Amino acid sequence: MSDFFDENNLTKEPIVTEEVSKVDDYSLEKESYGKISYKEISSLRADATAICMSVPVLKYALTKPEKPRKSFVVLSIIAALLVAVVAVFAGYFVVTSLIPMINSAIKTTGELNNETLETVTLGLSTLFSGMTASFVWAVVVGIALMVVLVLSYVIYFLYAFIHMSKCSAQEMSYGHEVRTFIGHIVFMLTVSALLSALIIYGIATGGTVSEQVYIFIGIVGALLIVSISILTIILIERKKAKEIFSTLPEEQQLDYKKHSDEIRRVKRRIRWINDKQEGVEKPKGKLGWLLSLLGHFATYRILYNNISEDEFARANSTLIGRKGLWRLLSFAIVVSLVVLLINTLISSFATLKILLTILCIVGLATVAPVMIIFLINCINMTSKQLKLNKKPIGYVNLILLIAIIVLGALAIIL
């Protein structure tokens, strides 16, 4: 519903339509979809209740292939080998590069602490020293996240190939998972094509081709070839699936198209729950941003009410918990900043570094309210997810929340 986030709804009872509330038979979907796909759709159907939307239940069975598609079986094997190679490389990289970088980050802390420099800068060199160490730690964390991201991306490709080797003609033709994967491949193809164009331009204008450049050319070339190959295979298999899909009765075609289109609409709407609140006027003024953060408290109250009114949604929804994970990440970052400021404030005050003390007090006055608001929202979202059901994500959020608070307190005390 387009008026879901109308400000009047904040004071009204949650809207739950009869179509969402009624109990449906999902046995046909369970037989037609794979285990992972069915679990995803069940979770999405439960989440849709929170925003007063629904995913239509399939009325007709999906047309599965008699045998797995050979092209995707081959791609699955290649992807599995690639996952193993990336995992081994990641482990080797952690031991040979990441751990030494962590040791370097530890060693960097305090290197700039010099009595003369502290006197000249009125104690600001201590802050710069902390910033230098923080920068090294940021690089370490950034590289670690990149390694995890690459490994996750390769695993996603493996899952996608396995899924497409066995999925129905309907899913292969118009399914949201296949469309999403095609989007990833097109993105890879676009990036590799742009990089290839830059390489050609650099060489044509007299750029020096070193050994590192040859390695880079090889990686970009392989990425370009792989992207084109995968996209070609998908388009060929998709064309075959569409031919099968076109032979189905019209009511079956319309049934699946409506089902798939609504899945995409729900996913898109859920993605922007916090960022596009239609009909709600954002607070203005200096405290507007802080109040808008606290305003999510009311938004998630509406989502919780809608989910709790529906038996299926209450038992299966993890929407609030998933959104809570991102809020916990922001909370952890803000807590780290507060801990750094408090520790710096204590040390600077004890040594009478007046300018640094003033800067820390100003920083705390700015960041502390944000931390409190994030804490309120994290407690709110974690408790609501736990009240709804006993899904693991609720307990994960609770453990993370407690861990962040305890570690933050220990960092200050110790």
Side-chain angles (χ1 to χ4, degrees), residues 34 36-37 40-41 44 69 71-87 89-90 93 141-167 170-203 212-213 215-242 260-276 322-323 325-326 329:
I36 297 178
S37 296
E40 179 189 354
I41 292 174
L44 188 66
R69 298 178 178 90
S71 55
F72 290 117
V73 171
V74 174
L75 289 175
S76 299
I77 296 173
I78 296 174
L81 294 174
L82 188 58
V83 168
V85 171
V86 171
F89 175 78
F93 179 79
V141 173
I143 294 176
L145 289 175
M146 287 181 62
V147 173
V148 173
L149 181 63
V150 170
L151 184 59
S152 301
Y153 211 62
V154 177
I155 293 174
Y156 166 70
F157 269 55
L158 173 59
Y159 160 73
F161 292 144
I162 294 175
H163 169 73
M164 286 186 284
S165 69
K166 300 181 292 184
C167 71
Q170 290 90 331
E171 293 173 273
M172 195 69 208
S173 302
Y174 295 99
H176 67 283
E177 288 183 322
V178 176
R179 287 192 180 187
T180 300
F181 186 76
I182 290 176
H184 286 288
I185 297 299
V186 171
F187 174 76
M188 283 178 50
L189 182 59
T190 302
V191 171
S192 56
L194 289 175
L195 291 176
S196 300
L198 289 174
I199 291 172
I200 294 173
Y201 175 78
I203 295 176
Q212 289 81 4
V213 173
I215 295 175
F216 184 70
I217 292 174
I219 294 174
V220 173
L223 186 63
L224 185 62
I225 293 172
V226 168
S227 301
I228 294 174
S229 301
I230 294 175
L231 184 59
T232 302
I233 292 173
I234 292 177
L235 293 179
I236 291 174
E237 293 292 346
R238 202 176 187 209
K239 183 179 179 182
K240 294 178 182 177
K242 284 186 175 182
S260 182
D261 289 343
E262 201 62 25
I263 287 176
R264 279 192 292 275
R265 285 188 62 232
V266 170
K267 288 173 74 72
R268 185 165 55 248
R269 185 70 176 277
I270 286 176
R271 189 179 300 121
W272 298 111
I273 281 178
N274 283 345
D275 301 306
K276 293 184 179 179
R322 297 199 310 273
K323 293 289 184 179
L325 276 176
W326 290 104
L329 176 61

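Residues: numbered from 1 along the sequence shown. All of these numbers come straight from a predicted model, not from anything done at the bench.
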Carefully, step by step, assess Arg69 and Cys167 under the rule side-chain contact (heavy atoms from CB on, under 4.5 Å). CA-CA 9 Å; Arg69 298 178 178 90; Cys167 71; 3.7 Å; yes
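- For Ile234 against Met172, the heavy-atom pair with the smallest separation is O-CE, 4.0 Å.
- In this structure, CD1 in Ile263 is found 8.5 Å from NZ in Lys267, a value given to the nearest 0.5 Å.
- Not one N or O on the side chain of Ser165 forms a donor-acceptor pair closer than 3.5 Å with the backbone of Phe72.
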Using the rule given for side-chain contact (heavy atoms from CB on, under 4.5 Å), can you reason through His184 versus Thr180, listing the C-alpha separation, both sets of side-chain angles and the distance that settles it, and then say yes or no? CA-CA 7 Å; His184 286 288; Thr180 300; 3.9 Å; yes
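- Looking at every heavy atom in both residues, Leu151 comes nearest to Val83 through CD1-O, 4.1 Å.
- Residue-environment remark: CG (Leu198) exceeds the threshold of 12 foreign heavy atoms within 6.0 Å.
- In this structure, CG on Leu75 lies 6.0 Å from CD1 on Ile230, to the nearest 0.5 angstrom.
- Distance check, rounded to the nearest 0.5 Å: CD of Glu40 to NE2 of His163 gives 8.5 Å.
- Within 6.0 Å of OH on Tyr153 lie more than 12 heavy atoms contributed by other residues, nucleotides or ligands.
- Smallest separation of non-hydrogen atoms from Ala90 and Val147: CB-CG1, 3.5 Å.
- For the atom pair Ser37 OG and Tyr159 OH, the distance stands at 4.0 Å (nearest 0.5 Å).
- With rounding to the nearest 0.5 angstrom, the CG atom of Leu189 is 12.0 Å from the CD1 atom of Ile225.
- Nearest heavy-atom pair, Ile182 versus Arg238, reported as atom, atom and distance to 0.1 Å: CD1-NH1, 3.8 Å.
- No donor-acceptor pair under 3.5 Å is formed between the side chain of Ser71 and the backbone N or O of Ile233.
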Passes side-chain contact (heavy atoms from CB on, under 4.5 Å), Ile185 versus Phe157? Steps please. CA-CA 10 Å; Ile185 297 299; Phe157 269 55; 3.6 Å; yes
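- The two residues Tyr174 and Arg264 come nearest to each other via the heavy atoms O-NH1, 3.2 Å.
- Note that the CD atom of Glu262 and the CZ atom of Arg269 stand 10.5 Å from one another [nearest 0.5 Å].
- Ring-plane geometry between Tyr156 and Phe181 is classed as tilted, the angle between the planes lying from 30 to 60 degrees on a 0 to 90 degree scale.
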Apply the test side-chain contact (heavy atoms from CB on, under 4.5 Å) to residues Ser227 and Leu231: give CA-CA distance (whole Å), side-chain angles for both, the deciding distance (0.1 Å), then the verdict. CA-CA 6 Å; Ser227 301; Leu231 184 59; over 6 Å; no
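- For Leu224 against Ala193, the heavy-atom pair with the smallest separation is CD1-N, 4.1 Å.
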